[in-house]
Amino acid sequence: MEPSTAGQRWERFSRRWSAFRDGLQDYYVGPYRQMFRREQQDEDDLFMIAVLGEALGVPDPAAYYTAELMPALWEDFHSWHRRMGIPRSPLDQIGCC
Amino acid sequence: MGSLILMIIGLGVMAAGYFVYSKYLARKVYQLNDDFVTPAHELSDGVDYVPTNKYILWGHHFTSVAGAAPIVGPAIAVIWGWLPALLWVTLGTVFFAGMHDLGTLWASTRNKGRSIGALSARYIGKRGANLFLVVIFLVLLMVVAAFAVVIKNLLISTPGAVIPVWGAIIVALLVGVAVYRLRWHLVPVTVVGVVALYGLILIGDKFPVVLPESILGMTPATFWILALFIYGAIASLLPVWVLLQPRDYINGVQLFVGLILLFGSVLLATLFSATPPNIVAPMINMNLPEGTPNMIPLLFVTIACGAISGFHGMVASGTTSKQLDKETDARFVGYFGAVGEGLLSLGTILAVIGGFKSVAEWNEIYSSFGSAGVNAFVQGGATLMQNGIGLPESLSATLLATMAVLFAATTMDTGMRLLRFVVQEAGEVFKLKIGKISATLIVVALGLGLTFSQGLGGEGGLRIWPLFGTTNQLMASLSLSIIAVILIRKGRNPITALVPLVIIFGMAFWAALVQLGSFANPSDPDWMLFALDVIIIGASVWVAIEAIIAMRKARDSEPEADGADAALTSSQKHV
């Protein structure tokens, strides 16, 4: 076997080191992935209500600004209203289902 | 020399279990197959279903199942002598726990990562699944109450542990902030976190905190229990990244350090110490203190985790199965996970049988059933560590007490969080929307009620410990019966599951009956525990009948084809 150069050794070490770092990171976050996802979803749901407040009939002084955000939320709208226990889209202008 | 020989025998049996028996199970019984598409790949979602490196998954699995129970159980059970405890821990790990943990992991993997509760619905019917929820609720409640008392006892008996135990919360909070808010790299944060924790142990040892006789009108025992419940309630309500996640992580790292220290101490103390550890505990204790229950069946429920534990099946099927990269990894993750827990129990046994200077000292510690527990582990382990690695005895005691308390505390706050979810789910069944805080208050009220049911010293918490063992073993027999049904349906030999099933079910049922008699003792009746025990016995009979019906049905029907699970998987992919 040919002796490896210092560069190769360094490369091998840095590869192992980053694998170790990734592994440690995975060990840290792994058990809590689902909880983070759930909390993220709760936050997103709240944000969705804030943005859609005016459309759902709740007077919203910030509607002028939040209306701009609406197109960004269309994609998640269907799963959101189903998650909220509303089987059909509550908004006439969005016929997602 | 005796301790070292026992350690070598114990390690040898477990190694043989892993290298020989688990290989047999993997090849012949479970027939693990690399070609099977595991749920982690089939349903990969980056959240629950994530293919994970087997070493990391083993770390997750092991640290989730290892708590204070593999320390408390063996430390108490040594009262019957070291031989029964050693035999049950080693053989139990090899033929019971390993088989059970690998089996539940495999069964869940073959069923889209479904939990044991869901599997019981599929294989032994809906009633089995309902029963499962009741059992889970009881186990969690017992964990919360019992661990509050275990921690309280340690904080009082080892005042040096007070500062590191509560200081660990601050370390965890800082680790959480460093990783998530400041975005520091995990490696240096880990090193600093662990060093800080051990620094706190040094400080705690120098400044032990002994509470006055009366604090805010309470005894120290009542005060600590209340403080622990308040802490648990807050911890279970905080976002997980703030406290629970970094705390579990630091504890996980510490678990490995603790294991190395324990086994290393036995080795070094035997080889190099001027006073090598002698086994002062009797091989079989013929001189049992008054009131000690019979070894059979109580041994089998006193050492639950560390020999066989139904809780492992919950973890294996609840989260681990969803992250299994290859089916063949199940052998390492599931079986070796059980071996890890067995090692912790073995370490505890070595500490409580070889860590005392004389037989008289040992007899004093084991003066009544249940009097030893974690305290014996801390005292015995401290002497061992002093001899082995030269750490002063009081510092070693503080270190071990902190380790035991941190295990118990993480299990307690996770238990409270899970119990909160169960309360909220139960509320939904009755069409009641129970909020986070109300659910937590219900959990605290139930836990405190149970702990203080025998007096303000928290006597109720540990009296239910044998009931925890019984319930836990009942859960294990439920899981084993599911494994047996699956094996019979597949036309494979179910003996490897049936033998441990019959033994552990028989022992748990017998123990529950013995306890029922003691709770109904006219001179000192305990009707609450009596009621809980009746529920457990009712559930046992229920499980047994359901399981026998399911096994007979499985035996009488055509065996499943070899590729049944794969076929099920691919046909359901398009549903």
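Residue numbers start from 1 in every chain, and the chains themselves are labelled A, B, ... in the order their sequence lines are given, proteins ahead of strands. Below, each value reflects all heavy atoms present in this structure, side chains not excepted, and no hydrogens, waters or symmetry copies. Keep in mind the model is a prediction, meaning the values are calculated, not measured.
Annotation: salt bridge (charged side-chain N to carboxylate O under 4.0 Å, His left out) contacts involving residues 310-319 of chain B, sequence neighbours excluded, are absent.
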Between chain A and chain B, which donor-acceptor atom pairs come closer than 3.5 Å, counting both backbone and side-chain atoms?
unit_1, atom_1, unit_2, atom_2, d
B/D48, OD1, A/Q34, NE2, 3.4
B/D48, OD2, A/Q34, NE2, 3.4
B/H60, NE2, A/D26, O, 3.3
B/H60, NE2, A/Y27, O, 3.0
B/Q245, NE2, A/Y28, O, 3.0
B/D248, OD2, A/Y32, OH, 2.3

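The backbone N or O of B/L324 sits less than 3.5 Å from a side-chain atom of B/T38, completing a donor-acceptor pair.
Counting non-hydrogen atoms of other residues, nucleotides and ligands closer than 6.0 Å to CD1 of B/I170 gives a total of 12 or fewer. Around CD1 of B/I437, the count of heavy atoms belonging to other residues, nucleotides or ligands within 6.0 Å does not exceed 12.
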Could you go through the side-chain contact (heavy atoms from CB on, under 4.5 Å) check for B/I169 and B/Y231 one step at a time? CA-CA 10 Å; B/I169 297 173; B/Y231 153 75; 3.7 Å; yes

Step-by-step side-chain contact (heavy atoms from CB on, under 4.5 Å) determination, B/L174 to B/V171: CA-CA 5 Å; B/L174 294 175; B/V171 172; 5.9 Å; no

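Heavy atoms closer than 4.5 Å to chain A are found nowhere in B/L57, neither backbone nor side chain.
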